[in-house]
Student: 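Below is a structure I'd like to ask you about.
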Amino acid sequence: MSEARYPASHGRTAPRFTHLAAPFAAAALAVTACGGSDSVAEFVSVPPVPVEFVSAAGDTVQAERGEILVPENRANPDSRSISLAYVRFPSTNANPRPPIVYLAGGPGGSGIGTARGRRFPLFMALREIGDVIAFDQRGTGDSNHIPRCDTSEGLPLDRAPTIDHVADLFRAAAAECTAFWEGAGVDLAGYTTRESARDLEALRRALGADQVTLWGISYGTHLAMAAVKEMGNRIDRMILTGAEGLDQTVKQPARTDEYFDRLQVAIDTDPVLSAALPDAKGMVRRLVTRLNEYPVTITVPGEEGAESVEFVMGGLELQLLLGFSIADPFGAVRTLMLLAGAEEDEGALNALGQLVYENFRRDPVSMGGMSEAMDVASGISPEAHARFEEQARTSLLGGVLNFPMPYVRDAFGDLDLGPEFREAPRSDIPTLLLTGTLDGRTYPDSQREAMAGFSNLTQVMVENAGHNLFMVMPEVTETILAFMRGEQVPDRLVFELPPYGR
């Protein structure tokens, strides 16, 4: 077969095999899932084709692009099949260890897309150990078979929204999208972490590997933990960062408050930041309270000669904006500085309002399907939900960090996988956990709790690093490679935060 070029853009010439995406039938290769499941994991492996993989920076490497065909919903005998794409970067080792499968976060991130980006050098470095597989999970990237749902639901411009109002809006949008996807032939019940874990077992078999190593970040760690329960000793090792347990889809608001305390300590080490943000939490509370009591009208200039737009902004939207920016300390600090300026200056407040408009008010609600379904299916236990509701009443960001969960947990039908799914796995699989002390999404204490059942765990604390820590310093790559070689690794790395403004 002639070589296909796989460019950094979304376009591609590699075949999609869409003519095979029919209901699963006798052509499927039936194999039994291993490790804790009696279900049948059916798949068809499409022969891979050679590609020249091009990173966003223009680096090129020879690779293979493959696909497996799996049922969209294994519980439905009439399920249509969907294709799941992967790119295999062959190992440079003459005696490679098992393939290393990258599991993107989100849920909704593309493994293939990640390999094109800033982490491309890490994908290449890991080839020293074994084949590296950039895998697009079902519903993502080149494995996405869900049409995007653009709804008719949008926030009115003439009043400041409350959390209850926004939650009602998203539930109405969920109902609209559920009907839309059903009409498009999508079985939303197939988009669960358990189904994705069974996809990993099918991928392992398609690769012809006795075992695989799972390399995951954020939601990718959530998927890896579900895979431990499905695959057992078919997993050789795991490399995780930003661990999210099976009952941690919804983060506890009190731990977000504790994160801001840790961030303040880092802020106080920088003279510029400490002068501007002597009490970041107090500043946020004052501004949110003020805008909740006295919402402001923001004027947004029209684009290309269009008329300007006015909308009323309250405190909730500032909480949403801050919640979406705190994964890493740099994003958190940038947003805090915007809020600090808006507290004192009307012009800065109007500029902040334009950012709010672009992110939350300009467009109606739009849903991709995979990320919403995955989160709803993983769900939240009654105990965790009770804690969430109690803490959200007084927390700095309320309950917005996880939005729209848990507010839409029953809005897409009966997707919840139940308490058995949320039980934490127990395993002796050798596992490396890298934890950023300034991770604003998956907090250090939560990560320790998520990994409590792993008896062969090596945890490395990365001081001052956030959620996306893989590329913050070369020592992270060196630590991962040392772990994979079976060498001793440090229990602590220190990332020196650069002075603000550099």
Side-chain angles (χ1 to χ4, degrees), residues 33-36 89 91-105 111 119 122-123 125-135 193 196-197 200-201 203-205 207-246 248 423-436 439 442 444 446-462 465 469-470 475-493:
C34 299
F89 302 106
S91 178
T92 58
N93 192 325
N95 297 295
R97 291 186 65 88
I100 302 165
V101 180
Y102 179 78
L103 305 179
R119 294 176 196 156
L122 183 50
F123 277 79
L126 282 168
R127 295 169 66 201
E128 171 194 320
I129 307 298
D131 291 354
V132 182
I133 312 298
F135 180 53
T193 299
S196 283
L200 293 177
E201 170 63 8
L203 175 65
R204 178 192 69 78
R205 295 190 174 219
L207 294 171
D210 292 335
Q211 294 180 305
V212 292
T213 286
L214 299 182
W215 166 29
I217 181 172
S218 194
Y219 169 77
T221 72
H222 186 87
L223 172 55
M225 290 183 213
V228 167
K229 296 166 75 170
E230 289 289 330
M231 298 174 66
N233 61 9
R234 301 298 186 186
I235 300 172
D236 176 51
R237 292 181 172 230
M238 297 204 298
I239 309 162
L240 308 177
T241 186
E244 179 184 280
L246 296 181
Q248 292 180 343
E423 289 179 2
R426 306 190 68 83
S427 174
D428 62 357
I429 296 170
T431 300
L432 173 67
L433 174 63
L434 296 151
T435 300
D439 184 337
T442 50
S446 299
Q447 293 192 44
R448 279 189 283 269
E449 291 169 5
M451 305 303 297
F454 285 75
S455 61
N456 199 356
L457 177 70
T458 300
Q459 185 172 22
V460 178
M461 301 300 297
V462 187
L469 60 72
F470 280 132
E475 289 82 356
V476 171
T477 297
E478 294 166 9
T479 298
I480 293 172
L481 291 174
F483 169 78
M484 291 300 294
R485 295 187 201 110
E487 301 169 359
Q488 187 171 2
V489 301
D491 58 8
R492 182 173 177 266
L493 299 173

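Values below: all heavy atoms of this structure, side chains included; hydrogens, waters and symmetry mates excluded.
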Student: Do the side chain of T221 and the main chain of E244 share a donor and acceptor less than 3.5 angstrom apart?
Tutor: yes
Student: When you measure from the side chain of Q447 to the backbone N and O of A243, does any donor-acceptor pair fall under 3.5 Å?
Tutor: yes
Student: For V476, run the side chain to side chain contact (heavy atoms under 4.5 Å, CB included) check against V460, T241, L469 and tell me which one passes.
Tutor: L469
Student: Between T213 and M238, is there a donor-acceptor pair closer than 3.5 Å when you use the side chain of the first and the backbone of the second?
Tutor: no
Student: Can you sort out the partners of Y219 under ring-ring contact (aromatic ring centres under 6.0 Å, His included), two or more places apart, ordered by chain and number?
Tutor: H222
Student: Using 0.5 Å steps for rounding, measure from the CG atom of D131 to the CD1 atom of I133.
Tutor: 5.5 Å
Student: What's the separation between atom OG in S427 and atom CG in L457, rounded to the nearest 0.5 Å?
Tutor: 10.5 Å
Student: If we ignore hydrogens and angles and just use 3.5 Å, is the side chain of R204 paired with the main-chain N or O of A209 as donor and acceptor?
Tutor: yes
Student: Using a 4.5 Å cut-off on heavy atoms from C-beta on, say whether the side chain of L223 contacts that of L214.
Tutor: no
Student: Between V132 and W215, does the side-chain contact (heavy atoms from CB on, under 4.5 Å) criterion hold? Intermediate values first, please.
Tutor: CA-CA 10 Å; V132 182; W215 166 29; 4.1 Å; yes
Student: More than 12 foreign heavy atoms under 6.0 Å from CD of Q488: is that the case here?
Tutor: no
Student: Between E475 (side chain) and L493 (backbone), is there a donor-acceptor pair under 3.5 Å?
Tutor: no
Student: For E128, what residues pass the salt bridge (charged side-chain N to carboxylate O under 4.0 Å, His left out) criterion, not counting sequence neighbours?
Tutor: R485
Student: Does the side chain of I100 come within less than 4.5 Å of F123's, by heavy atoms?
Tutor: no
Student: Can you tell me how far apart CG (L432) and CG (N456) are? Round to the nearest 0.5 Å.
Tutor: 11.0 Å
Student: Between D236 (side chain) and V212 (backbone), is there a donor-acceptor pair under 3.5 Å?
Tutor: no
Student: Check whether the side chains of Q248 and T442 place a donor and an acceptor atom closer than 3.5 Å, and report yes or no.
Tutor: no
Student: Donor-acceptor pair, distance only, cut-off 3.5 Å: does the side chain of K229 make one with the backbone of E423?
Tutor: yes
Student: Hey, are the side chains of D210 and P98 touching, using non-hydrogen atoms and a 4.5 Å cut-off?
Tutor: no
Student: Which residue pairs pass the salt bridge (charged side-chain N to carboxylate O under 4.0 Å, His left out) test when at least one of the two sits in residues 446-458, sequence neighbours left out?
Tutor: R255-E449, D445-R448
